[in-house]
Amino acid sequence: MSSREIRVRFAPSPTGGLHLGGVRTALYNFLFARKHQGKFILRIEDTDQTRFVPGAEEYIIRCLEWCGLKPDEGPHIGGPFGPYRQSERKNVYAQYAHQLVEQGHAYYAFDTPEELEALRRQQPNFQYDATTRGQLKNSLTLSAKEVQHYLHEGRPYVIRIRMPENKTIRIHDLIRGEVEFDTNQVDDKVLLKADGMPTYHLAVVVDDYLMQISHVFRGEEWLPSTPVHVLLWEYLFGKAHMPEWAHLPLILRPDGHGKLSKRDGDRLGFPVYAMDWTDPFTGETTRGFREMGFLPEAFVNMLALLGWNDGSGQEIFTLDELVTRFSIERIHKSGARFDFEKAKWFNHEWIKRLPVKHYLEEVKIFFKQQHIPLSDDEKLMRVLELIKERCTLLGDFIEQGKFFFVAPETYDLSVIQKKWSPGMQAAFEEWEKALEQVEPWEAENIEHALIAAAEKQELKKNDMLLPLRIMLVGGKFGPPVFQIAELLGKVETRQRIRKALVAFSRHG
RNA sequence: GCCGCGUUGGUCAAUCGGCUAAGACGCCUCUCUUUCACGGAGGAAUGACGGGUUCGACUCCCGUACGCGGUACCA
């Protein structure tokens with residue numbers, strides 16, 4: 001197995017929004033593939049027709065793309081092992097199921113879902129296994145004739161695996177080491193459903209074989225059903241071809257207990273999905289990390305560190321760095337709580353590090369949503385550069401940068417009330433006029449002019465700083481005030497001062 | 001219930017038998033900046049419990065407790 005080409009797959013079912021845990025699984029698959037010059041495959045596991053959600057597949061592909069996790073093969077790009085949608089491979093599974101029946105490793109079962117449900121209601125511990133299959137309606141208890149008869153009359157049936165008794169199945173998990181299962185504890189799982197579709201158990205094994213998957217990275221919730229998969233490998237393709245297993249720890253909710261769900265996000269006010277997801281049936285939209293103002297670099301970086309680290313203490317990694325540093329041995333065994341505060345910290349770091357050009361277009365979307373008129377890209381980039389260290393989410397650029405494009409409507413007067421005086425008024429009036437002559441219009445020169453005006457009124461520059469900020473910004477925040485003036489330009493700066501002077505005197 | 005997996009500060013976590021137990025987020029204090037941040041300095045806060053093994057256990061083994069996952073014709 002080790003000498004083969006590395007081929008891994010991310011295999012989501014298209015049932016709704018893409019959960020951050022799913023993205024992490026995709027990420028670890030991707031990192032492992034890239035690190036070993038292997039292939040990263042997207043396979044759509046849509047065997048449950050009742051849960052099919054239109055648009056979900058395209059959405060998943062867009063999410064992966066946003067994250068920078070481009071598959072090498074998949075339903076949207078094809079590849080030598082297609083089709084990559086299980087619903088389109090429906091006919092390949094049945095033959096394997098029937099092969100298992102012939103080998104005696106599986107059997108037909110004619111029990112209806114209602115009958116089984118009734119049994120489960122009677123005995124809460126009911127399992128379809130060696131202890132019960134003898135009393136149920138299947139090809140093990142029915143005569144060959146009866147079975148033929150049932151089959152011919154088109155009676156619905158499923159094919160179940162016949163779990164052997166008193167066997168211990170050992171698997172080697174790359175993350176957990178040796179794990180043992182007692183076959184008596186696992187039930188006769190359905191392999192082929194009455195509608196002719198395989199269940200996950202059959203489909204993964206068949207497709208992993210046919211697609212020559214070398215390593216399976218999947219969530220820890222799959223560990224208990226792994227013995228079924230191992231048995232299927234043994235029966236169908238030989239354990240020599242079986243991929244390596246790696247069961248990833250779960251991502252837990254930040255408060256209380258359990259794995260993180262969409263509901264936790266709604267309740268606690270943070271996203272769980274990678275991008276906005278609109279349910280086509282209800283029309284309801286659930287917010288995603290992207291629309292919440294996250295950079296894909298930060299999102300991916302944060303997820304990589306949720307359950308893995310390289311031991312060096314480094315926390316900020318580019319995707320390429322992650323590829324070179326990633327190692328299965330350093331994936332944790334235990335689940336990790338999602339911490340939205342830490343997620344925001346990652347985003348803040350990435351906003352500060354990346355050149356503003358990198359997220360310019362994304363930020364423009366936020367401004368457009370608020371109907372804030374923008375100037376040319378060059379000025380916008382200078383603005384973003386000036387305020388980026390104050391922004392944690394992309395949406396913060398609005399709050400921090402709006403005043404560069406729209407003059408303040410209201411002023412935070414609490415700051416200036418105690419400082420305002422006729423002298424102050426005079427100094428500002430004088431300075432505003434003097435500004436006319438300032439050339440070139442640069443922060444330093446603007447400041448010198450203000451100092452001169454202040455001295456004439458026997459005031460200190462520092463006394464005027466805060467009032468000036470209120471004039472230009474409206475509030476007590478933002479980058480150095482003379483840099484703001486410089487960026488605003490001479491005309492706009494003077495206009496704002498004049499406008500504010502009128503407003504201030506009215507209140508003073 | 002049964003089976004499996006897990007358990008270092010509030011959270012993410014380092015440690016692979018020598019610990020006075022890193023670092024990060026968050027929180028608090030101070031500093032820088034007469035704004036808000038950023039930056040800088042400091043602080044509070046951790047090995048679930050009980051037995052072994054060992055000169056020495058956070059690290060290895062066994063129990064217990066707790067948590068999570070699974071137990072569908074869902075994935």
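In what follows, chains are A, B, ... by sequence order, proteins preceding strands, each numbered from 1. Since this is a predicted model, take the numbers as computed values, not measurements.
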Determine the interatomic distance between C1' on B:G40 and the same-named atom on B:A45; round to the nearest Å.
22 Å
Which value, in whole Å, describes the distance between the C1' atoms of nucleotides B:G23 and B:A13?
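Result for the C1' pair: 8 Å, nearest Å.
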For a side chain to side chain donor-acceptor pair (under 3.5 Å) check, start with the C-alpha distance between A:Glu221 and A:His247, then their side-chain angles and the critical distance, and finish with the verdict.
CA-CA 8 Å; A:Glu221 68 267 27; A:His247 289 92; over 6 Å; no
Quickly work out the [X] [atom1] to [N] [atom2] distance and round it to whole Å.
X	N	atom1	atom2	value
A:Leu202	B:A75	CG	P	11 Å
A:Tyr93	B:C73	OH	P	19 Å
A:Asp46	B:A75	CG	P	10 Å
A:Trp308	B:C12	CH2	C1'	14 Å
A:Lys344	B:A37	NZ	P	14 Å

Is the distance between the ring centroids of A:Trp222 and A:Tyr200 under 6.0 Å?
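Yes, they do, as the ring centres are separated by less than 6.0 Å.
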Using a cut-off of 4.0 Å on non-hydrogen atoms, how would the nucleic acid contact of [X] be classed: base, sugar-phosphate, or nothing?
X	result
A:Pro480	base
A:Glu389	base
A:Ser225	nothing
A:Gln127	sugar-phosphate

Would you say the base of B:A72 and the side-chain of A:Lys189 have a donor-acceptor pair closer than 3.5 Å?
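Side chain to base: no pair below 3.5 Å.
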Could you tell me if A:Asn184 and A:Glu165 have a donor-acceptor pair between their side chains, going purely by distance under 3.5 Å?
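Checked: A:Glu165/A:Asn184 side chains show no N/O donor-acceptor pair below 3.5 Å.
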Think [X] has a side-chain N or O under 4.0 angstrom from the OP1 or OP2 of [N]?
X	N	answer
A:His332	B:A14	yes
A:Arg120	B:A72	yes
A:Lys352	B:A37	no
A:Asn125	B:U71	no
A:Lys259	B:C5	no
A:Arg330	B:U15	yes
A:Arg337	B:G26	no
A:Thr199	B:A75	no

Counting distance only, does the side-chain N/O of A:Ser13 pair as donor-acceptor with the main-chain N or O of A:Asp46 below 3.5 Å?
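It does not hold such a pair.
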Aromatic ring pairing A:Phe126/A:Tyr128, orientation class (parallel under 30°, perpendicular over 60°, tilted between)
perpendicular
When the ring planes of A:Phe367 and A:Phe405 are compared, do they come out parallel, tilted or perpendicular, using 30° and 60° as the limits?
perpendicular
What stems show up for RNA chain B when you take Watson-Crick pairs (N1-N3 plus N6-O4 or O6-N4) and G-U wobbles (N1-O2, O6-N3), both under 3.5 Å, and require three or more consecutive pairs?
B:1-7 with B:65-71, B:10-12 with B:23-25, B:27-31 with B:39-43, B:48-52 with B:60-64
Does A:Lys499 have more than 12 heavy atoms from other residues, nucleotides or ligands lying within 6.0 Å of its NZ?
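More than 12 heavy atoms, drawn from other residues, nucleotides or ligands, come within 6.0 Å of this atom.
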With a sphere of 6.0 Å drawn around NZ of A:Lys137, does it hold more than 12 non-hydrogen atoms of other residues, nucleotides or ligands?
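Enclosed: over 12 neighbouring heavy atoms sit under 6.0 Å from NZ of A:Lys137.
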